[in-house]
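Every heavy atom of this structure was used, including side-chain atoms; hydrogens, water molecules and symmetry mates were not. In this chain, residues are counted from 1 in sequence order.
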Amino acid sequence: MANGGPVVHGYPHLETVRSAITALYRRLSYDTVHAFATSVAPVDVAFADTDDLYPGVQRVARELVRHYRLPDARMIVSFREMQHAASVELAAGPEYFIELNDRFRTHRRDIGAALAHEIMHVCLHRLDLTFPGTRDNEILTDTATTYLGAGWLLLDAFREDGASSQKLGYLTPEEFGYVLAKRSLAFGESPETWFTSAQAYTAYTQGLAQARRDGQQPPLTAAGWAGRRRYAKDRRHAQVHGPQSALPGGPYAFSSGGTQERSGLRVAFPCPTCHQRIRVPVRGRVRARCGLCRTVLECDT
């Protein structure tokens, strides 16, 4: 929890975030992910400073348990002084003990954000879905919280001005915006009106631009002129000198196709929705369907 200190911006964890989205689809399945098509509503997790503290905390916790589809889980929430925003004891259940930073006693509008992250830890624990290392596992938790409909609360907790700053979670504001935008593009949501923080709205618009660029990379037909020109050059190089001679580092990679392929060449690239690698033959206009998230992609290979 950044509180008064500098807030990191940009996309330093982008590859881990993309891996987390892929992991969610693989572990939960397309149908389960799309069961979360509706986000937590602002009215259901609203917490005014005049609300009674403990009944209000339990009300918000129950709403998040309902949203995450954990009907047999009970969250017991307390407050204490600590460095981080919150922590949860991951036991066998059905009771889970969550501790919130004492500052939330007087900053109640962000209690929903802190609880959304901690209860997602419980969800991932039950799913046995984890990334190695504390840092990557926390990025997975932030990504899952956001992609499954409650992480807009974490982004809305971001506030920054000349005198102070606050941010919850491990992702940067722009990365939260990116994941929220990926969700918005996948489910057709428009979260712009939910933000109470002007800085959160700005981070979302920046993340949305980054997310849209994922769908504008070659060999997708939506790629811009410069991308298509570079792709054509790399394709010619791979056809003449072999796929292994292609320069690495691009969003796509060439490989040898089977003997039945006319060109003997295939191209692999990440799905712009779930980031699983898709491999299609190099033969001009191709329509591909991602087997993981079921996105239909128009390609010019």
Side-chain angles (χ1 to χ4, degrees), residues 11-34 129-132 136 139-140 143-144 147 175 178-179 181-188 207-301:
Y11 304 93
H13 315 113
L14 192 56
E15 290 309 311
T16 306
V17 166
R18 288 169 172 166
S19 296
I21 294 174
T22 307
L24 275 179
Y25 275 97
R26 286 177 177 166
R27 184 66 182 86
L28 293 179
S29 81
Y30 167 88
D31 290 330
T32 303
V33 169
H34 277 254
L129 177 57
T130 182
F131 277 4
D136 285 2
I139 291 170
L140 168 65
T143 302
Y147 203 82
E175 287 169 340
Y178 171 80
V179 181
K182 299 288 280 190
R183 171 185 169 79
S184 300
L185 294 172
F187 301 120
L208 179 60
Q210 179 69 36
R212 283 175 171 159
R213 283 194 286 272
D214 288 347
Q216 298 168 349
Q217 300 295 322
L220 299 174
T221 56
W225 176 84
R228 293 197 302 270
R229 184 179 181 184
R230 178 186 174 186
Y231 177 83
K233 179 180 178 181
D234 291 341
R235 180 181 58 198
R236 286 194 300 270
H237 188 89
Q239 289 170 333
V240 173
H241 301 284
Q244 302 306 318
S245 66
L247 296 176
Y252 48 82
F254 296 100
S255 62
S256 299
T259 56
Q260 300 302 315
E261 296 293 342
R262 289 182 297 172
S263 69
L265 198 66
R266 295 173 74 88
V267 61
F269 59 95
C271 170
T273 299
C274 71
H275 297 284
Q276 175 176 257
R277 299 291 286 185
I278 297 173
R279 193 165 176 257
V280 297
V282 173
R283 61 184 184 195
R285 290 272 179 163
V286 174
R287 175 175 289 179
R289 183 174 182 268
C290 178
L292 190 59
C293 70
R294 304 183 187 177
T295 302
V296 176
L297 306 169
E298 298 291 341
C299 309
D300 187 355
T301 61

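With hydrogens and angles ignored, the 3.5 Å screen pairs no side-chain donor or acceptor of Thr273 with any backbone N or O of Thr295. Checking side-chain atoms of Glu175 against main-chain N and O of His13 turns up a donor-acceptor pair under 3.5 Å. For Arg228 (side chain) and Ala223 (main-chain N/O), a donor-acceptor pair under 3.5 Å exists by modelled atom type. Not a single donor-acceptor pair under 3.5 Å links the side chain of Tyr30 to the backbone N or O of Tyr25. Panel note: side chain Arg277, backbone Ala268; a donor-acceptor pair is recorded below 3.5 Å. Between the Arg266 side chain and the Arg279 main chain, a donor and an acceptor come within less than 3.5 Å of each other.
Taking every heavy atom of both residues into account, Lys182 and Ala211 meet most closely at CD-CB, 3.6 Å. When all heavy atoms of Tyr252 and Pro218 are compared, the closest pair comes out as CD2-O, 3.4 Å. For Asp214 against Pro272, the heavy-atom pair with the smallest separation is O-CB, 3.4 Å.
Two residues are said to be in side-chain contact when any heavy atoms from C-beta on lie closer than 4.5 Å; Leu24 and Leu129 meet this criterion. In this structure, the side chains of Cys271 and Ile278 come closer than 4.5 Å at one or more pairs of heavy atoms. Looking at Tyr11 and Val17, their side chains never come closer than 4.5 Å, going by heavy atoms from C-beta outward. Counting heavy atoms from C-beta outward, Phe187 and Tyr147 have side chains that approach closer than 4.5 Å.
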Assess whether side chain to side chain contact (heavy atoms under 4.5 Å, CB included) is satisfied between Arg294 and Asp31, documenting all intermediate values. CA-CA 10 Å; Arg294 304 183 187 177; Asp31 290 330; 3.7 Å; yes

Walk me through whether Ser29 and Thr32 qualify under side chain to side chain donor-acceptor pair (under 3.5 Å). CA-CA 5 Å; Ser29 81; Thr32 303; 3.2 Å; yes

Checking Arg289 against Leu297 for the side chain to side chain contact (heavy atoms under 4.5 Å, CB included) test, could you report, in this order, the C-alpha distance in whole Å, the side-chain angles of both residues, the deciding distance, and whether it holds? CA-CA 6 Å; Arg289 183 174 182 268; Leu297 306 169; over 6 Å; no

Between Arg213 and Gln216, does the side chain to side chain donor-acceptor pair (under 3.5 Å) criterion hold? Intermediate values first, please. CA-CA 5 Å; Arg213 283 194 286 272; Gln216 298 168 349; over 6 Å; no

Show your working on side chain to side chain contact (heavy atoms under 4.5 Å, CB included) between Gln276 and Arg26 and close with a plain yes or no. CA-CA 9 Å; Gln276 175 176 257; Arg26 286 177 177 166; 3.8 Å; yes

I'd like to know whether Leu220 forms a side chain to side chain contact (heavy atoms under 4.5 Å, CB included) with Glu298, so could you lay out the CA-CA distance, the side-chain angles of the two residues, the decisive distance to 0.1 Å, and finally the verdict. CA-CA 6 Å; Leu220 299 174; Glu298 298 291 341; over 6 Å; no

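No more than 12 heavy atoms of other residues, nucleotides or ligands lie within 6.0 Å of CZ in Arg212, so this atom counts as exposed by the packing criterion.
Ring orientation note: the planes of Tyr178 and His275 are tilted relative to one another, at an angle of 30° to 60°.
Once rounded to the nearest 0.5 Å, the distance linking CZ of Arg283 with OG1 of Thr301 reads 7.5 Å. The distance from atom OG of Ser19 to atom CG of Leu14, rounded to the nearest 0.5 Å, is 9.5 Å. We find the OG1-CD1 distance between Thr16 and Ile21 to be 11.5 Å, quoted to the nearest 0.5 Å.
In this structure, His237 has its ring center at least 6.0 angstrom away from the ring center of Phe254.
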